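Everything below concerns the one structure shown next.
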Amino acid sequence: MEVKSAIITDKISFREKIRISKRTVKEVKNLAPLFLPTTLFRQLLSVSEGYIGIYVSTMVLSGLEQKLPIRELIVKSMLLLSIIFVMEIVNRWVEKYNNIIKQDIFERMYTKRAMKSIELDYPDLESPYISKLKNRMWEDNNWGNGMFGAFVSLEFLIYQFFNAIFAIVILVPVLHNIFQAGNVLTYIFLGVLLIMLIADGIGEEYFNRKTLEWMTKEPERPEDIDISWDLHPGALINNLKDIKLYGARGLFSRYVEEYGKEYSRNRDNSMADSGGRRALFNNMLGAGVQGVCYFFITLLAVGGSVGIGMVVRYVACFERLTTSIQAMIRDSQSFLLSARRQSSTMEFLDAESSLYKGKLPVEKRSDDAYEIEFRNVSFRYPGSETYALKNFSIKLRIGERMAVVGKNGSGKTTMIKLLSRLYDPTEGEILLNGIDIRKFDYHEYMQLFSIVFQDFSLFAFPIAKNVAASEEYDADKVRECLAKAGFDDSLKKFVKGIETPIDTDYDDDGVLISGGERQKVAIARALYKDSPFILLDEPTAALDPIAEFEVYSAFNEMVGSKTAIYISHRLSSCRFCNDIVVFDKGEIVQRGNHEELMCDTGGLYYSLWSAQAQYYEKGEKVYD
């Protein structure tokens, strides 16, 4: 499935531009309803301050021309300047409040994207479509500060709108004279002004389109260098241990340095060159517009249409009007550009889950008498043409202990993902007590399983909340599960006990625990859930075979009468199971206990056992 994002270099229709802009404004309103009202109020204050200043200048000049008392002019001026001062204080306070709102919107949008990732089904998150969309979203939000770019453009646009409205109101008398005169000079003035403003709009559209092209352009790399985005400096930090340990700087220098010279410099130079041309174009056009306005107002003053004092007011207002129109053209284009950068985010938020969600409740059985059957199941991962499982059939009954072994990539983990409905089969069906699992309520069905994956995750929350995977928890049960998982001694070291945060992401008092300790917390979490089916998917792969066997043996005692499935590519760890299933290339090729499988000297199990025996010969006493 390909990305259909609107963030592309092709031109889009005016209707699409309006839709994107409206969607961005709507999202801002949903995240922070007070942002637009406070922005309108603040920009109204800002514009009013400027025009009161213009009025003070005009009043003083007109008063001097009319020979009004100096004392009267000073009093009026001080009063108006005091009003400006108060308005400025209010404006700064509202601006501070608005900045807090903007930061809050940024955090809310980040949270909204994170929660969407949680809500989406697992197959969707791993699909090529979502993967490309998330990359696009990351790039879009790193250009122009993401949503902040839209904030700035929107604020400027509102300011210039009010600026233009105030200028038009003040210029009504002189505009009336201009249109009433109706001479050739008037039409030339209006024509030149209109042409300049149209040229400004066309130029802004051109430069924004070029910027968008650079944003979405694929990196241009030297022909003999095939470099991954994983080699950018931020990603290299994660590999510094190996780079330093093995002195691999020279290995990376050619890739990184040449990449920087050939790609980054070319792109940055192009954008800087374009930015210079853009600034020159805007400055020349702005100077031309101001020159035309000054020239025409001066002619009106010489002709006696306006007084000397009013010349300052009208020149300033004309300058503000034309500047505002130009700025609105630019700011609207900037806002559109920022809004288009958010289209990938909006598309991600609009993405729908693909898994079918049934409504049939899962039967609550006190005896946990559940049977799951894979019936002719085949599965391909999204975007892959190769089957991870092919015509796979097996039955899992309550209370059984099953070991699943095989080479890496043989389909062991895939079976677990299908069993827990992280994915649905490409072909065939999985049955729970004879009913297709897709017909059951998704969340109720998920409650049947406690799984510890090889790449399990702990969260930067207190230990208790990690074990319960919830804000609410039974403290005694948490301690009991941690004890069963062998975490007692570690827990005694922490002053806060089960309230001790893991890691320091959210709490400076957090602790860094070892890989083995993290593994025990993950096992305790599986026990706390108290599900009928408990599965260990190579969570101890980093341990040596003997240590892994000890963990699995202890866990075997913990699960009691529940169904337990142990997955490992090391056969010795699961030897205590009477039912061993051997996977190869997505199919079951052997099944039986250790002794039965070892009798088949031509089978895969015997071959794997013989190959691995040297690593756990010392553990034979443990196994026997």
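Just so we're clear, the structure is a prediction, and the values are computed from it rather than from any experiment.
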From the list Arg421, Lys417, Lys357, salt bridge (charged side-chain N to carboxylate O under 4.0 Å, His left out) with Asp121 holds only for Lys357
Identify the heavy atoms of [X] and [Y] that sit nearest to each other, and give their distance.
| X | Y | result |
| --- | --- | --- |
| Phe456 | Val452 | CD2-CG1, 4.0 Å |
| Glu517 | Ile513 | OE1-CB, 3.2 Å |
| Lys412 | Lys407 | NZ-O, 3.0 Å |
| Lys529 | Met446 | NZ-O, 3.1 Å |
| Ile588 | Ile394 | CD1-CD1, 3.9 Å |

What distance separates [X] [atom1] from [Y] [atom2], expressed to the nearest 0.5 Å?
| X | Y | atom1 | atom2 | answer |
| --- | --- | --- | --- | --- |
| Phe494 | Ile463 | CZ | CD1 | 5.0 Å |
| Leu422 | Phe453 | CG | CZ | 5.0 Å |
| Leu389 | Phe374 | CG | CZ | 7.5 Å |
| Ile130 | Phe348 | CD1 | CZ | 6.0 Å |
| Tyr605 | His594 | OH | NE2 | 5.0 Å |
| Glu119 | Lys112 | CD | NZ | 10.0 Å |

Residue pair Lys520 / Ile523, side-chain heavy-atom distance below 4.5 Å: no
In the structure I gave you, are the side-chain heavy atoms of Leu448 and Phe440 within less than 4.5 Å of one another anywhere? no
Please tell me whether Tyr423 and Tyr381 form a close aromatic pair, meaning their ring centres lie under 6.0 Å apart. yes
Determine whether the aromatic ring centres of Phe583 and Phe392 lie less than 6.0 Å apart. yes
Is the backbone of Lys562 close enough, under 3.5 Å, to the side chain of Arg401 for a donor and an acceptor to pair up by distance? yes
A cation-pi test, strictly: NZ or CZ of Lys390 under 6.0 Å from the centre of the six-membered ring of Tyr387 and no more than 45 degrees from its axis. Yes or no? yes
Taking the six-membered ring of Tyr528 (Phe, Tyr or Trp), confirm whether the NZ or CZ of Lys477 is under 6.0 Å from its centre and within 45° of its axis. yes
Pick one: which of Ile567, Leu419, Thr563 meets side chain to side chain contact (heavy atoms under 4.5 Å, CB included) with Leu535? Leu419
Residues, nucleotides or ligands: over 12 heavy atoms within 6.0 Å of Arg113 CZ: yes
I'd like to know whether CD of Glu595 has more than 12 heavy-atom contacts from other residues, nucleotides or ligands below 6.0 angstrom. yes
Steps toward salt bridge (charged side-chain N to carboxylate O under 4.0 Å, His left out) verdict (Arg438, Asp424): CA-CA 8 Å; Arg438 286 172 287 200; Asp424 277 339; 5.0 Å; no
